[in-house]
Novice: 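My questions all concern the structure below.
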Amino acid sequence: MLEKKYNHLEVEKDKYEIWKEKEIFKAGKKDGKPFCIVIPPPNVTGKLHLGHAWDVSLQDIMIRYKRMQGYDTLWIPGMDHAGIATQAKVDKKLKEMGIEPRTMKREDWLKVAWDWKKEYAENIHNQWAKLGLSLDYSRERFTLDEGLSKAVRTVFVKLYNEGLIYRGERMINWDSEAKTALSNEEVIYKDVEGAFYHIKYPIVDSDEFLDVATTRPETMFGDTALAVNPDDERYQKFIGKKAILPIVNREIPIVADMHADPEKGTGVVKITPCHDPNDYEVGLRHNLEKIVVINPDGTMNENALHYQGMDRFVAREKLVKELEEKGYLLKVEKIIHSVGHSERTDAMVEPYLSKQWFVKMRPLADKVLENQKNKETKVKFLPARYEKIMNHWMEITYDWCISRQLWWGHQIPAWYKGDEIYVGMEAPKEEGWTQDKDVLDTWFSSALWPFSTLGWPNITEDYQKYYPTNVLVTGYDIIPFWVNRMTFQGLHFTGKRPFEYCYIHGLIRDKIGRKMSKSLGNGVDPMDVIKEYGADALRYYLTTQTSSGTDLRYDEEKVRSSWNFINKIWNASRFVLMNIENIEDTSLNNLTNIDKWILTKLEKTIKDVTKYMDKYEFQNVNSVLYNFIWEDFCDSYIEMSKFNMEQPSTKATLYYVLKNILKMLHPFMPFVTEEIYSKMPLTEGFIALSDYPKYQKEYIYNEEEKEIDDLIEFVKIFRNKKAELKIGKDYKILLNNNTDYELIKKMLKWNDLIIEKEINYPKFLIEYKNYSVTLFNEQETTLDIENIKKEIEFLEKSILKRENLLANENFINKAPASLVEQEKEKLALEKEKLAKLK
RNA sequence: GGGCGUUUAGCUCAGUUGGUUAGAGCAUCUGCCUUACAAGCAGAGGGUCUGCGGUUCGAGUCCGUAAACGCCCACCA
């Protein structure tokens, strides 16, 4: 028997441990077709937030559903080493302990990092357990483990040999905080306050000068030219002449280049090839000298003369002062402009010329674009519009900078000896080779996740069985970083898309629509929500409130209402269990019309739920299921069953319907459904491994469904009228026909109210379909004429509308016949009713 | 500059091939302690579906257009 109150803490306690112990989440439990999802590996840097809870809840629902349907399901857990993020956190921890991380030996530092990983992995495991995720832990992976490292090296070596990975000096984004290169995706542009500094560049052998506007005066030490537009009439006469770089007093050429935009600034641009991507291109075109002036840590180097060693922002301030004092500063215009920041450290990103490793993207991206044209083999996005995001990225893609100047990650499998480079799976045998110190971008290994986790490059049984995976679930913000890269690596290395469907969800926001973030302090810890409302309520809330691709505003009220729904299910189950305690025969024989009615509703619900589950439209699953459970089952069937409990068919029906409800709910709320299912008589094993309900035509009884629908409708109209007419307890009922009113009498508690003959009190006619009663009010002395008038008015309006519709030939000819019939029926009904009222 | 999304009840949101009187939760109002559930039951009120124009017998849904809010990409000396 169930406890009197639903207690999520009690219900969710210990269950996960048992599930894990009995290995019910292990792949191979069912012998149907394979169905596989790889978890987006969370970073080992911290706690899971609500967004994670949302993401994994969606996946667990998909997996549990397919498992119950007989698929051989595999959900692979794992975590990401998260290069920059983890290294930053480990460094911070060391610094707090008074240790300067970069003075440590690399091996010693890595030991600290692995301890960190261990600790955080455990946190994440605990949180997954609390959420009830049906992950197959026997296949858990970590991006830095041996197998995945082998996959990473294999990919690197192969791409290198194919000419798709190269090493070269290029303009990259430099994070001076983490002291590493970044890819373009890792740069976030933010609007900040800055200024246009107008600087005077004197012309050699002349009294004239050029007014050059720059937002970054401190880079002027690296200026190796000024550029003007070749068509800019203002500056024609300066082309080919030389200007003097203030303070430095170096002569630099004035060149004509299309990069200079006459509309922007003064039309004259200073060219700093080492610290600006566009200037770098200009430098190449005009064969300009390259002078680096900023150190990797963001301080100025020896080329900045007396500013050497100063932070670049301090240097800017002082330099502007010096320029002003010496008369070189023409004016300062305050502006708001957008400046790149490091996604992880938030440091202002420096465009920086440096030697890095790159993936040549064009050929790889073209493969994706080609594949997306094929309906059979493309990655199908849900919702479909996100495919455009991927395709656009593939169209405009640029080479991917993959080397990172970090310690935490896959060390690049390249070795140097003098000018020689060796790239291979293992270090060369001969003496004298040293390995590249850099590691690879974290996303380089995550890009292989769908196949590396299945054993690739070894062609394992798992790989053959479960690849390509079926669905990938992630937020739209991760498409450029991860989805796109998995797609091109998957296509290139396995010849197949890594997943058939890509289900995209939105971002979690706070109640007023702001992103949840640490700085705003508006984050919500899913573990706190679970403590208060239970994982089932949280999961149900997260997965049923939005359609795919849209953001979700976190609203605790709604979690509470999910809890209420579970409580309702709990109590309904309690009622059922109280009444079927000793049930032996659960077969559905000698059914009453009411039984047939609920069974029909159930089967239709199963049909719809299955349809929506297959399309991953969980919000639609919810509306169908919620409605069926709360209204049809609880409010109607259970209430009516109270009058028929002595009938064996009633108990069997209660049992049957409840069992099916639990199964349909199970993917959403695994804990409470397991609890109730296990307490039901004649059930065995885990509900997670039971069979998902299948739509059965044999339980569709259209006649009976309609009959009881009408009855319920009449009851509703009666109650409504009674309340509307404010009729109190003293009334009598006259039945106007021979329809069967037995059930209605019980539902409306008519008992002694029924009279045989009409009496002389004010009276009201209440009718619906086959039901017609007259209600006598003993207290009132007059009829409520106003109400009757209102009803007549409403009917007349409605009749007119329908008559017009039916008079329209276009409607009769073009609308489906059933709709026309329906309209005719309704018209007839309304006319009949009107006649009686008059 | 290019692209995308959102706009539906007081609030948060569903509404996926165009078809009864547009739904839910929460909030509001009325009446109920009816032994599964007062975290509940029985009812009620509340919407020119952002504006304008079009297609259609019929539009929240399709097309065009405008606005507000938001997001992504590119650029930003």
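Residue numbers begin at 1 in each chain, while the letters A, B, ... track the order of the sequences.
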Novice: Identify whether any heavy atom of A/T550 sits under 4.0 Å from a base atom; if not, whether one sits that close to sugar-phosphate; answer base, sugar-phosphate or nothing.
Specialist: sugar-phosphate

Novice: With a 4.0 Å limit, can you tell me whether A/R553 has a side-chain N or O closer than that to the phosphate oxygens OP1/OP2 of B/C13?
Specialist: yes

Novice: Compare the minimum distances between each of B/C75, B/C13, B/A44 and the side chain of A/N720, then state the nucleotide with the smallest one.
Specialist: B/A44

Novice: Could you check A/S623 against A/F633 and say which one's nearest nucleotide on RNA chain B is further toward the 5' end?
Specialist: A/S623

Novice: Pick base, sugar-phosphate or nothing for A/D261, based on heavy-atom distances below 4.0 Å to the nucleic acid.
Specialist: base

Novice: Mind checking if A/Y398 touches a base, just sugar-phosphate, or nothing, with heavy atoms under 4.0 Å?
Specialist: sugar-phosphate

Novice: In whole Å, I'd like the distance from the CD atom of A/E557 to the P atom of B/U12.
Specialist: 13 Å

Novice: Can a salt bridge be assigned to the pair A/R312 and A/E350 using a cut-off of 4.0 Å between side-chain N and carboxylate O?
Specialist: yes

Novice: Can you tell me the Watson-Crick or wobble partner of B/U28, both distances under 3.5 angstrom?
Specialist: B/A44

Novice: Could you tell me how far apart A/F565 (CZ) and B/G25 (C1') are, to the nearest whole angstrom?
Specialist: 12 Å

Novice: Specify the separation, in whole Å, of atom CD of A/E631 and atom P of B/G23.
Specialist: 12 Å

Novice: Quick one: label A/K388 by what it contacts on the DNA or RNA (base, sugar-phosphate, nothing), any heavy atom closer than 4.0 Å.
Specialist: sugar-phosphate

Novice: Just the rounded figure in Å: distance from C1' of B/G25 to CG of A/N567.
Specialist: 16 Å

Novice: Given atom CH2 of A/W563 and atom P of B/C26, what is their separation to the nearest angstrom?
Specialist: 13 Å

Novice: Expressed in angstrom and rounded to an integer, what is the separation of A/H392 atom NE2 from B/C71 atom P?
Specialist: 19 Å

Novice: Identify whether any heavy atom of A/K722 sits under 4.0 Å from a base atom; if not, whether one sits that close to sugar-phosphate; answer base, sugar-phosphate or nothing.
Specialist: nothing

Novice: Check the phosphate of B/G40 against A/N564, side-chain N and O only, distance under 4.0 Å to OP1 or OP2. Yes or no?
Specialist: yes

Novice: Measure CD1/A/I712 against C1'/B/C41 and give the value in whole Å, please.
Specialist: 15 Å

